[in-house]
Amino acid sequence: MRQVHSLVAGQWVAPGSGARAISSAITGDVIAEAGNDTLDVHLMRTHAREVGGPALRAMSFHDRARMLKAVAMYLRDHRQTLYDLSFDTGATQADHLIDVDGGIGTMLVFASKGRREMPDGHVYLDGVTEQLGRSGQFQGRHVCTPLQGVAVHINAFNFPVWGMLEKIAPCLLAGMPAIVKPATATSYVTEACVRLIQSSGLLPKGALQLIAGGTGDLLDHLDCQDVVTFTGSVNTALTLRKNENLLANGVRFTAEQDSLNASVLGPDAVPGTTEFDLFVKEVIQEMTTKAGQKCTAIRRVMVPAMQTEAVIDAVRARLSDVSVGDPRAEGTQMGALVSNAQKNDVLDKVTQIGAEAERLCGDPDAFAMSGSKGAFLPPMLFHCADPDTAQAVHNVEAFGPVSTIMPYRDLDHAAALLNRGKGSLVASIVTHDADAARQITLASACFHGRLYFNNRDSMTEATGHGAPLPHMVHGGPGRAGGGEELGGIRAVLHYMQRTAIQGSPDILSGITGQWVPGAVEATEAAHPFTRPFGDLRIGDTLHSAARQITLEDIETFAHFTGDTFYAHMDDDAARANPFFPGRVAHGYLLLSFAAGLFVQPDPGPVLANTGLDNLRFMKPVEAGDSIRVRLTVKAKTPRNDDYGEVRWHVTLLNQNEEVAAEYELLTMNAH
Ligand code: NAP
């Protein structure tokens with residue numbers, strides 16, 4: 001029998017008193033045990049805070065992003081171990097791809113976003129600099145820094161790998177250590193994954209620990225620097241939310257609970273359309289993947305009343321082809337539920353749904369696997385003819401291969417039914433009608449964490465109703481828990497504190513690592529374009545010579561480019577315009593002259609100009625005016641071993657020292 005160990009302060013600790021037996025979903029035999037009442041959870045918290053946290057915070061965001069990538073690649077190389085073990089959870093090879101490969105892919109996205117969207121430093125900047133005083137000598141900026149406690153991740157049984165990786169990726173990227181507590185039923189798979197990570201040696205000591213079994217009184221000792229993220233049932237979430245210590249100390253608590261997700265067949269998607277077939281395919285997929293044990297699975301299938309029969313026929317026909325059985329066997333499309341306890345729970349919920357909806361297919365006592373000791377169930381499809389008076393179909397989550405078809409009259413009715421779920425992770429709408437999509441969005445988006453629209457145009461690239469993507473928010477309001485996970489860098493910020501910093505430009509520059517106007521400038525004899533990436537310092541500034549703009553310049557540019565817009569060519573027409581005193585120079589002419597004023601033309605470290613950000617033309621420039629340029633290194637971001645990105649703050653000043661234009665120039669500079 002497999003002993004599922006915990007990882008406590010770098011030591012693997014075997015199950016002990018209070019250990020629980022874990023059965024195979026396929027055979028019902030006990031295959032493992034996990035849990036130890038005497039686990040020193042206080043040592044775990046101290047180890048995370050005193051060893052893991054400081055080590056992670058000493059690394060920059062880019063260091064941690066590179067670390068995530070390396071861990072993900074290591075897991076990819078060793079994923080077969082995880083596949084082999086996961087069969088006993090009832091999952092098929094296709095399910096493993098979602099759990100194992102999906103988790104690794106999520107980690108890779110955070111690794112990539114960390115390098116691209118976060119600085120190579122220790123402070124993440126949120127929003128823009130705010131000028132708080134009249135002359136710019138008192139400014140404000142929001143900064144985010146990692147919390148100094150530990151993140152306790154409590155996960156559900158259905159995704160033992162993805163569930164852990166999608167939480168630790170943003171957490172470690174933020175710079176916060178994690179204690180992971182998987183659901184006991186599938187903890188042996190999570191343990192194997194943690195062992196792989198541990199053996200890779202890629203994480204600093206104390207960055208990741210594992211509790212197999214109960215958390216003891218860990219939650220009673222957390223404080224405002226700690227975070228609890230929970231995924232699981234609404235009942236457990238309620239128990240944990242009420243923890244007095246979490247409430248008293250304002251411990252961050254995020255919950256991803258259950259959800260009565262729905263899919264709507266658009267009124268335009270009649271039988272014979274691509275959308276109709278797509279809808280049927282997604283319903284089948286959501287009912288059978290992971291044997292319906294997916295928090296995002298479609299529980300409620302909403303169809304225009306006149307299409308009810310057609311949808312029932314199509315879904316029932318496809319479900320009859322689904323082969324349920326041993327997930328290791330070739331041809332099996334749907335495996336088992338995680339345990340017989342889970343199976344019984346689903347059967348109990350099915351009885352409640354069956355009181356108000358007619359079962360169309362799926363008899364648990366008469367299908368290929370009836371009589372097996374494993375936790376097998378057939379896909380069960382219901383039809384609720386009166387969804388307005390029904391209660392259970394909108395409130396009871398049967399966490400298995402169970403869905404209910406219900407008719408709607410019009411889009412307002414469909415939205416009202418969607419909203420009866422009282423908050424969900426995702427709702428999908430299969431339609432080719434943008435007006436219908438907009439109507440549903442306005443009437444129902446605030447009830448869902450995600451709206452997924454699919455049709456003939458998006459179908460080849462669409463990722464599926466049930467797939468949470470690392471780039472997009474996962475979570476939902478109300479019943480779904482009110483939490484948000486994933487969603488790109490938003491997820492990282494859950495493990496950081498946002499602080500408003502107020503002070504002089506120099507103070508802000510020093511803290512943020514970015515030059516802000518008004519902060520001290522450094523001028524070097526050598527032109528900044530001649531200095532390699534590593535030699536440039538934040539605040540290095542070049543002041544160019546001035547150049548006078550002539551009417552001939554404006555006309556030459558107009559005829560050369562074809563931009564003979566009246567503001568540049570017709571004095572009377574320009575004067576009639578509220579923005580111009582008369583004919584003015586083209587903004588693009590000014591940008592071109594600016595480049596001519598600041599570049600150093602010889603081959604050197606500047607490899608390419610890759611763009612402009614935040615361009616504003618602020619004061620018109622007329623013939624006879626002159627401009628000069630102030631070019632300052634605002635920020636630097638290493639990209640690879642060869643070069644890094646330099647963000648220059650560029651200001652065009654006229655002869656009266658008024659700002660004519662301002663923008664940020666991006667260049668790639670060799671190291
Ligand atoms: P669960 O029974 O609520 O358990 C969830 C986790 O909480 C498990 O790790 C469990 O550990 C732990 N737990 C239970 N009591 C605890 C306590 N007093 N203190 C600390 N931890 C405690 O849920 P489940 O059966 O594993 O998962 C199924 C549910 O999760 C479904 O309702 C599904 O919709 C939901 N789910 C939601 C999402 C989402 O992203 N929104 C994702 C997946 C699943 P033990 O296993 O050791 O009891």
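Just so you know, residue 1 is the first one in the sequence shown, and it goes up from there. As the structure lists them, so they are numbered: ligands from 1, and atoms in each ligand from 1.
- The option with the heavy atom closest to atom 6 (C) of ligand 1, from among T215, N155, T236, is N155.
- The nearest protein atom to atom 23 (O) of ligand 1, hydrogens excluded, is given as S233 N, 3.4 Å; this is a heavy-atom distance.
- Between N158 and ligand 1 there is a heavy-atom distance shorter than 4.0 Å.
- What sits closest to atom 24 (P) of ligand 1 on the protein, heavy atoms only, is F157 CD2, 3.5 Å.
- Within the 4.0 Å heavy-atom cutoff, E485 does not count among the residues contacting ligand 1.
- Residue contacts with ligand 1: F159 is excluded, as none of its non-hydrogen atoms falls under 4.0 Å.
- The protein heavy atom nearest to atom 32 (O) of ligand 1 is E397 OE1, 2.8 Å.
- Close contacts of ligand 1 with A183, meaning ligand atoms under 4.0 Å from a residue heavy atom, involve 8 (C), 9 (O), 26 (O), 46 (O).
- Among pairs with a residue in residues 225-245, those fulfilling salt bridge (Lys or Arg N to Asp or Glu O under 4.0 Å) read R45-D226, R49-D226, at least two apart in sequence or across chains.
- Looking at atom 46 (O) of ligand 1, its nearest protein heavy atom turns out to be T184 N, 2.9 Å.
- For ligand 1, one of its N or O atoms has an N or O atom of K181 under 3.5 Å away.
- Of all protein heavy atoms, the one lying nearest to atom 33 (C) of ligand 1 is F399 CE1, 3.2 Å.
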Under 3.5 Å donor-acceptor pairs involving side-chain atoms of residues 159-172, not counting sequence neighbours:
from : atom 1 : to   : atom 2 : distance (Å)
K167 : NZ     : N155 : OD1    : 2.8
K167 : NZ     : T231 : OG1    : 2.4
K167 : NZ     : E485 : OE2    : 3.3

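- Partner of D258 under the salt bridge (Lys or Arg N to Asp or Glu O under 4.0 Å) criterion, out of R479, K422, K349: R479 alone.
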message = Assess the residue pair R328 and D88 against the criterion (salt bridge (Lys or Arg N to Asp or Glu O under 4.0 Å)); give the C-alpha distance rounded to whole Å, side-chain angles, the decisive distance to 0.1 Å, and a yes or no.
response = CA-CA 9 Å; R328 290 191 187 95; D88 264 317; 3.6 Å; yes
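- What sits closest to atom 40 (O) of ligand 1 on the protein, heavy atoms only, is H474 NE2, 2.9 Å.
- The number of heavy-atom neighbours closer than 6.0 Å to CD of Q11, taken from other residues, nucleotides and ligands shown, is 12 or below.
- Of all atoms in ligand 1, listed by their number and element, those nearer than 4.0 Å to a heavy atom of Q257 are 37 (C), 38 (C), 39 (C), 41 (N).
- Ranking protein heavy atoms by distance to atom 27 (O) of ligand 1, first place goes to A156 CB, 3.4 Å.
- By the 30° and 60° cut-offs, the orientation of the rings of Y83 relative to H96 is parallel.
- Heavy atoms of P182 found under 4.0 angstrom from ligand 1 belong exclusively to the backbone.
- For atom 12 (C) of ligand 1, the closest heavy atom belonging to the protein is I154 CG2, 3.6 Å.
- When the heavy-atom distances from atom 17 (C) of ligand 1 to V180, L240, N261, L218 are ranked, the shortest goes to L240.
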